[in-house]
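Below: the structure, in structure tokens.
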There are 2 protein chains.
Amino acid sequence: MGRELSNGDLPALVLAVLSKGPSYGYAIAREVELLSDQALRMREGSLYPALRVLEQDGLIVGEWAPQPKGADRKVYTLTEAGRKEMVRRTQELRDYATVIHTVLGRIGDAQPA
Amino acid sequence: MGRELSNGDLPALVLAVLSKGPSYGYAIAREVELLSDQALRMREGSLYPALRVLEQDGLIVGEWAPQPKGADRKVYTLTEAGRKEMVRRTQELRDYATVIHTVLGRIGDAQPA
DNA sequence: ATATTATACATAGATTCTAAGGGTATGTCA
DNA sequence: TGACATACCCTTAGAATCTATGTATAATAT
């Protein structure tokens, strides 16, 4: 029910999701799962620490938002620096995914039929 | 000069390279770098431990091969179990690369122009 | 002599993950 | 009423994997 994310790819996806607008931990995780048709899973144990690192790095800012119903949420917004970093990291991630396909394709193509 | 491999992707690529025929640590690393046009880097500190794990898991077998010139090499060969596992892991890796593109594409497509 | 390339390996430390759990609130179902 | 599920926040322990760096040998190139 969903492969784990690879090393370091999680923050890039968090920034990508936040580039669509402010959101909070739980919703970010659900959004990634939704966008991947449940192929990716984002665990709380890696998400929340990652959010803290992104905030410490000044790429996002979090603010507590009291809710009329249910538990309060900590809503994160991308900063300007965060938007730039988002562009950089998502491009890196795309390039990585592309090169994986290239390498595996080249190896597969070399197989005897 | 080459992005590092993500978590867990290294053994899959090692198995993929070995599916073309026996090889040894140094050559495997160079092959991955070549096939990726130097976009990927495979470091010794992660390659050699990974080779040991793959051997312990019975997916590859290593044999020392004395060389007429230069240092001896430990040449690894894929086992039958290793070949099956190679198919499984490379497919997982392909799927992962694909879903990354899908997710980033969907987020990007939702951006205002 | 020194540096570079080819080859093997080890270890320390950092990062990031997985697994597991605690805590609150609301809604649902028997 | 009580149990359970869902929606949210968070933490910690331990495993896995990585990066960085160093040891070692041999050949080759400067």
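All of these numbers come straight from a predicted model, not from anything done at the bench. First the proteins, then the strands, lettered A, B, ... as listed; each starts at 1.
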Starting from [atom2] on [N], measure out to [atom1] on [X] and report it in whole angstrom.
X     : N      : atom1 : atom2 : answer
B/E63 : C/dA8  : CD    : P     : 14 Å
A/M42 : C/dT16 : CE    : P     : 14 Å
A/D9  : D/dT17 : CG    : P     : 15 Å
A/L51 : C/dT16 : CG    : P     : 13 Å
B/L13 : D/dT17 : CG    : P     : 14 Å
A/L54 : C/dT15 : CG    : P     : 14 Å
A/L40 : C/dC17 : CG    : P     : 12 Å
A/W64 : D/dC8  : CH2   : P     : 12 Å

Problem set entry | A/Y24 side-chain N/O to D/dC8 phosphate OP1/OP2 under 4.0 Å | yes
Exercise. Does A/Y48 make a side-chain N or O approach to OP1 or OP2 of D/dC9 shorter than 4.0 Å?
Worked result: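 Answer yes for this pair, as a side-chain N or O of A/Y48 is under 4.0 Å from OP1 or OP2.
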For this session: State which of D/dC8, C/dA10, D/dT11 makes the closest approach to the side chain of A/Y26.
Result: D/dC8
Exercise. Nearest of C/dC9, D/dC8, C/dA10 to any side-chain atom of B/R52?
Worked result: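 Among the listed nucleotides, the one closest to the side chain of B/R52 is C/dA10.
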Exercise. Just by distance, do the side chain of B/T79 and the backbone of B/G58 share a donor-acceptor pair under 3.5 Å?
Worked result: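 The answer is yes, because a donor-acceptor pair under 3.5 Å joins these two groups.
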Problem set entry | Main-chain N/O of B/A16 paired with B/T90 side-chain donor or acceptor, under 3.5 Å | no
For this session: Return the set of residues passing salt bridge (charged side-chain N to carboxylate O under 4.0 Å, His left out) with A/R73 (not counting sequence neighbours), or none when no residue passes.
Result: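 None.
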For this session: Could you list the residues that satisfy salt bridge (charged side-chain N to carboxylate O under 4.0 Å, His left out) with A/E92, not counting sequence neighbours?
Result: A/R88
For this session: Tell me, with the steps shown, if A/D57 and A/R52 meet salt bridge (charged side-chain N to carboxylate O under 4.0 Å, His left out).
Result: CA-CA 9 Å; A/D57 291 350; A/R52 257 171 269 126; over 6 Å; no
For this session: Please round to the nearest 0.5 Å and tell me the distance separating atom CE of B/M42 and atom CG of B/D9.
Result: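 One finds 9.5 Å between CE of B/M42 and CG of B/D9.
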For this session: Determine, for nucleotides 18-24 of chain C in 5'-to-3' order, which nucleotides have protein heavy atoms under 4.0 Å from the base (write B), from only the sugar-phosphate (write S), or from neither (write -).
Result: BB-B---
Exercise. Does a side-chain N-to-carboxylate-O contact under 4.0 Å join B/E33 and B/R30?
Worked result: yes
Exercise. Base, sugar-phosphate alone, or nothing: which one does A/R30 contact when heavy atoms must sit under 4.0 Å apart?
Worked result: nothing
